[in-house]
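Lettering of chains follows the sequences in order, A, B, ..., and the numbering in each one begins at 1.
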Amino acid sequence: MSVRNEELAALFEEFAALLEAQDVEYKPRAYRQAAENIRSHPEPVADLARRGGTDAVKEVNRVGDAIASKVVEYVETGEIEELEELRAELPVDMAALTSVEGVGPKTVGTLYYELGVRTLDDLEAAARAEEIREVPGFGAKTEENILANLDFARQSNERQLLSRARPLADEIQRHFADVAAVGRSEVAGSLRRWKPTIGDVDLLVASDDPEAVVEAFTGWEDADAVIEAGPTKASVRSAGIRVDLRVVAPEEFGAALQHFTGSRDHNISVRDRAIERGLKVNEYGVFDVSDVDDPDAGQRVGERLACETEADVYAAIDLPLVPPELREDRGEVEAAAEDRLPDLIEESDVRGDLHVHTTWSDGRYSVREMVEAAEERGYDYVNVSDHATGPGMVGGVGLSDDELEEQLAEVREVGDDADIEVFAGVEANVGEDGSVSVGDALLEQLDCVVASPHSALDGDGTERLVRAAEHPEVDVIGHPTGRMLNQRSGLDIDVSTVATAAAEANTALEINASPSRLDLSGGAVKLAIEQGATVVVDTDAHSPSNFDLIRYGVHTARRGWAEVGDVLNAWETDDVRAFLER
DNA sequence: GCCGTTTTCGGCCCGACTGTTTTCAGTCG
């Protein structure tokens, strides 16, 4: 069983917290940044360690000799000696304890040394016994807050899917629409960057009367609890999701939006570039501090160059506007500086969907209904791709070759009546050995064959997907890793290897737009495109309303730097047909 | 611990809020 990036990231986050608890400076930040970059690395870092040792692991941004050798040590031995030593000195359940709102590494350290608190249960017992308020630097209020936040920490440490967070953000914005003090309001943070899962919802509001906005926010009917509320900033919990509000002056909205959209690492790159130019960037604007003795003397020191719009902020450091989806410190600042940012695909560029189900398998609408829905959306083409029977298909969902043959007749008939191109397809299963679960004779009759892994979804899937991609009748590899967000991480794949094979075989790699999948991920899409592969954004629709999920897929494609030319279903019908026939 | 068109040594993003304090540490984003 291979080591997952998530597991490595958690280790280094624990490392960072243990160091921070002991008042170590700077190292915690280095460990946290490394952890974050390992987590979001599109390929298993453990594989890098096995294949190329520390030098290969150092390819990960912000990972140097020391952390790389710890990765190798962990992959080889299952342990990191230094981490074990730190754990021995501070034997606490760091991840659980710091998941309590308001409890950080320093607090964990103090409560362990003063009261012997090691677990959430210890923490609750100490709070109930009113022991925490006796510790120097703590008081009754802190103790109450810990008790109030304990239950929430116990029940939920999952990140939220976009499909929950987006509608919640929309809901608050509707609430704000009736508040006179609210000027412009925008979603910021990871939600605006369309990360597949988000920790909280960040909202930014422009107003000359911030306190009225905070009041309207904390008084929002769906706010279950107020976490904090100051003059310009407040946080509430709603439906188990933390929502952070920040209110800024209208003339500083652009600088604030840039700041609160992040990512943290992107902003560090932006600030580094500003520092090179004698400038300072913060949430209030870009300032020329070259003639200022102490640039850190206040929030608005020096001559302000920009702040009204995000474009002004980037222009002040000689960059074009960087789209939010690219702001992950994956080379976008360098690309912007060299004027080679991609011309990203947009939702309106999508011309069809190549992965759609009907009542023939587990869809809830007929072939005709799904085709009509695609027509109504203004699509030029749609591929009917019901499940074939095979590995991973349970409960009689998948169709036999004979049944597929029957369905083919119906799809052709509907296609004859339709104003759009109707491709006859299938979603076949990729077996553990990379074989495809439908007979070649039938595959040859079909226009567009999607092949997806549905079983044995762990371990290394590279060879398996390469073999499927090289099958002459396969046109699309559906949800390549089979991951389900928050549930299973799916196959480990060497994206470059799979993408290279797919590019040579004229097989497209799917970006499955279902919010619980988003598979491939944005990082993997970027790698795939760099290898020359074509991607396709599909909704895997089981009903007409599912076609709306396309936006999650398009934004994932944008996170992968995809342009129209990279995305099969942004092409015209004839070009798609030509690709499928190759 | 990481990193380099100011550096291989000496810096490290930066500000709001809270609770505990008489000026600040910890947490969070």
Side-chain angles (χ1 to χ4, degrees), chain A residues 12 15-17 19-21 23-37 58 60-71 82 97-111 132-146 149 188-191 198-204 210 214 226-235 242-248 252 255-256 258-285 287 290 295-301 329 334 337:
Chain A
F12 288 114
F15 214 126
L19 290 168
E20 198 167 2
D23 269 332
V24 176
E25 281 192 296
Y26 303 117
K27 281 193 195 184
R29 175 169 166 250
Y31 276 97
R32 282 215 177 80
Q33 285 183 327
E36 190 54 42
N37 289 329
K58 280 164 68 181
V60 180
N61 202 9
R62 302 255 156 200
V63 172
D65 286 318
I67 292 179
S69 62
K70 289 183 176 69
V71 170
E82 258 188 76
L97 291 168
T98 54
S99 73
V100 178
E101 187 78 47
V103 176
K106 295 276 175 75
T107 300
V108 170
T110 304
L111 293 182
I132 292 176
R133 64 179 65 189
E134 303 302 330
V135 177
F138 291 75
K141 185 69 183 156
T142 302
E143 199 172 71
E144 286 165 22
N145 286 343
I146 286 173
N149 291 325
S190 51
L191 193 48
I198 60 121
D200 55 32
V201 171
D202 294 300
L203 268 182
L204 189 66
V214 168
V226 176
I227 298 168
E228 63 178 26
T232 64
K233 185 181 157 182
S235 299
R242 181 186 168 120
V243 184
D244 292 337
L245 167 78
R246 185 62 180 267
V247 191
V248 300
E252 293 176 339
Q258 197 285 327
H259 176 86
F260 290 111
T261 297
S263 64
R264 193 185 56 227
D265 284 351
H266 171 81
N267 283 352
I268 288 171
S269 290
V270 164
R271 289 194 176 115
D272 284 348
R273 188 174 167 89
I275 290 166
E276 287 167 17
R277 286 165 169 67
L279 306 174
K280 172 178 157 172
V281 178
N282 62 22
E283 62 213 77
Y284 301 104
F287 300 87
S290 53
D296 301 324
Q299 300 162 351
R300 300 175 181 82
V301 174
D329 197 29
E334 293 87 338

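For R242(A) and dG29(B), the shortest distance from a side-chain N or O to OP1 or OP2 is below 4.0 Å. Regarding contacts with the backbone of dG1(B), every side-chain N or O of Y26(A) stays at 4.0 angstrom or more from both OP1 and OP2. Of the side-chain N and O atoms in T107(A), one or more sit less than 4.0 angstrom from OP1 or OP2 of dT27(B).
Between the CG atom of N267(A) and the P atom of dC14(B) there is a distance of 11 Å, given to the nearest Å. One interatomic measurement links the two molecules: CZ of F260(A) to P of dG15(B), which rounds to 11 Å at whole-angstrom precision. Remark: C1' of dC2(B) and CD1 of I268(A) are 12 Å apart, rounded to the nearest angstrom. Straight-line distance from the NZ atom of K141(A) to the P atom of dG26(B): 21 Å, rounded to whole Å. Look at CZ on R32(A): it is 12 Å from P on dG29(B), rounded to the nearest Å. For the pair E20(A) CD and dG1(B) P, the interatomic distance rounds to 15 Å; values are reported in whole Å. One can place CD of Q33(A) at 14 Å from C1' of dC14(B), the figure rounded to the nearest angstrom. If you measure from atom CG of L279(A) to atom P of dC13(B), you get 17 Å, rounded to the nearest angstrom.
Residues N267(A) and G262(A) share a closest heavy-atom pair of ND2-CA, 3.7 Å. Among all heavy-atom pairs drawn from S190(A) and D202(A), the shortest one is N-OD2, 4.4 Å. Between R62(A) and A34(A), the shortest heavy-atom contact is O-CB, 3.6 Å.
Annotation: side chain of F138(A) is not in contact with side chain of E143(A) (no heavy-atom distance under 4.5 Å). Residues T110(A) and V135(A) form a side-chain contact, since some pair of their non-hydrogen atoms from C-beta on lies under 4.5 Å apart.
No engagement by P136(A) is indicated, since no non-hydrogen atom pair under 4.0 Å with the nucleic acid exists. Residue-level contact check: K70(A) touches the backbone only, with heavy atoms under 4.0 Å from sugar-phosphate atoms and none from bases. Using a 4.0 Å heavy-atom distance criterion, T232(A) is classed as a sugar-phosphate-only contact. V270(A) comes within 4.0 angstrom of no nucleic acid atom, judged by non-hydrogen atoms across all strands. Residue contacts for R29(A): at a heavy-atom cut-off of 4.0 Å it reaches a base atom on one of the strands shown. Using a 4.0 Å heavy-atom distance criterion, R133(A) is classed as making no nucleic acid contact. Among the heavy atoms of the strands lying under 4.0 Å from D65(A) are primed sugar atoms or P, OP1, OP2 only; no base atom is included. Here A34(A) lies out of heavy-atom contact (under 4.0 Å) with every strand. Using a 4.0 Å heavy-atom criterion, one finds that P28(A) contacts no nucleic acid atom at all. Backbone-only contact: V100(A) has heavy atoms under 4.0 Å from sugar-phosphate atoms and none from a base. Counting non-hydrogen atoms under 4.0 angstrom, A140(A) reaches the backbone sugars and phosphates but no base. Among the atoms of the strands shown, base atoms are found under 4.0 Å from some heavy atom of K233(A). Using a 4.0 Å heavy-atom criterion, one finds that E101(A) contacts the sugar-phosphate atoms exclusively.
Separating the C1' atom of dG11(B) from that of dT6(B) is a span of 12 Å, rounded to the nearest Å. With C1' as the reference atom, dG15(B) and dT5(B) are 30 Å apart, rounded to whole Å. To the nearest whole angstrom, the two C1' atoms, one in dT8(B) and one in dC2(B), are 12 Å apart. With C1' as the reference atom, dG29(B) and dC13(B) are 12 Å apart, rounded to whole Å. Between the P atoms of dC9(B) and dT20(B), the separation comes to 46 Å (whole Å). dA16(B) and dG10(B) have their P atoms separated by 32 Å, given to the nearest Å. Atom P of dT22(B) sits at a distance of 23 Å from the matching atom of dC17(B), rounded to the whole Å.
Nearer to the 5' terminus of DNA chain B, by closest-nucleotide assignment, is the contact made by E25(A) (compared with the other of F138(A) and E25(A)). Of the two residues contacting DNA chain B, namely T142(A) and K27(A), the nearest-nucleotide position lying further toward the 5' end is that of K27(A).
Out of dC2(B), dC13(B), dC14(B), the shortest distance to the side chain of K280(A) is found at dC14(B). Distance from the side chain of P105(A) is smallest to dT27(B) among dG29(B), dT27(B), dG19(B). Of the candidate nucleotides dC13(B), dC17(B), dC2(B), dC13(B) has the atom nearest to the side chain of R271(A).
Pair assignment for dG26(B) gives dC17(B), based on Watson-Crick or G-U wobble hydrogen-bonding distances that are each under 3.5 Å.
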What do the steps show when you test Q33(A) against N61(A) for side chain to side chain donor-acceptor pair (under 3.5 Å), and what is the final call? CA-CA 9 Å; Q33(A) 285 183 327; N61(A) 202 9; over 6 Å; no
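Between atom OH of residue Y31(A) and atom NZ of residue K70(A) there is a gap of 3.5 Å, rounded to the nearest 0.5 Å.
For the residue pair R133(A)/T142(A), the side-chain donor-acceptor check at 3.5 Å is not satisfied.
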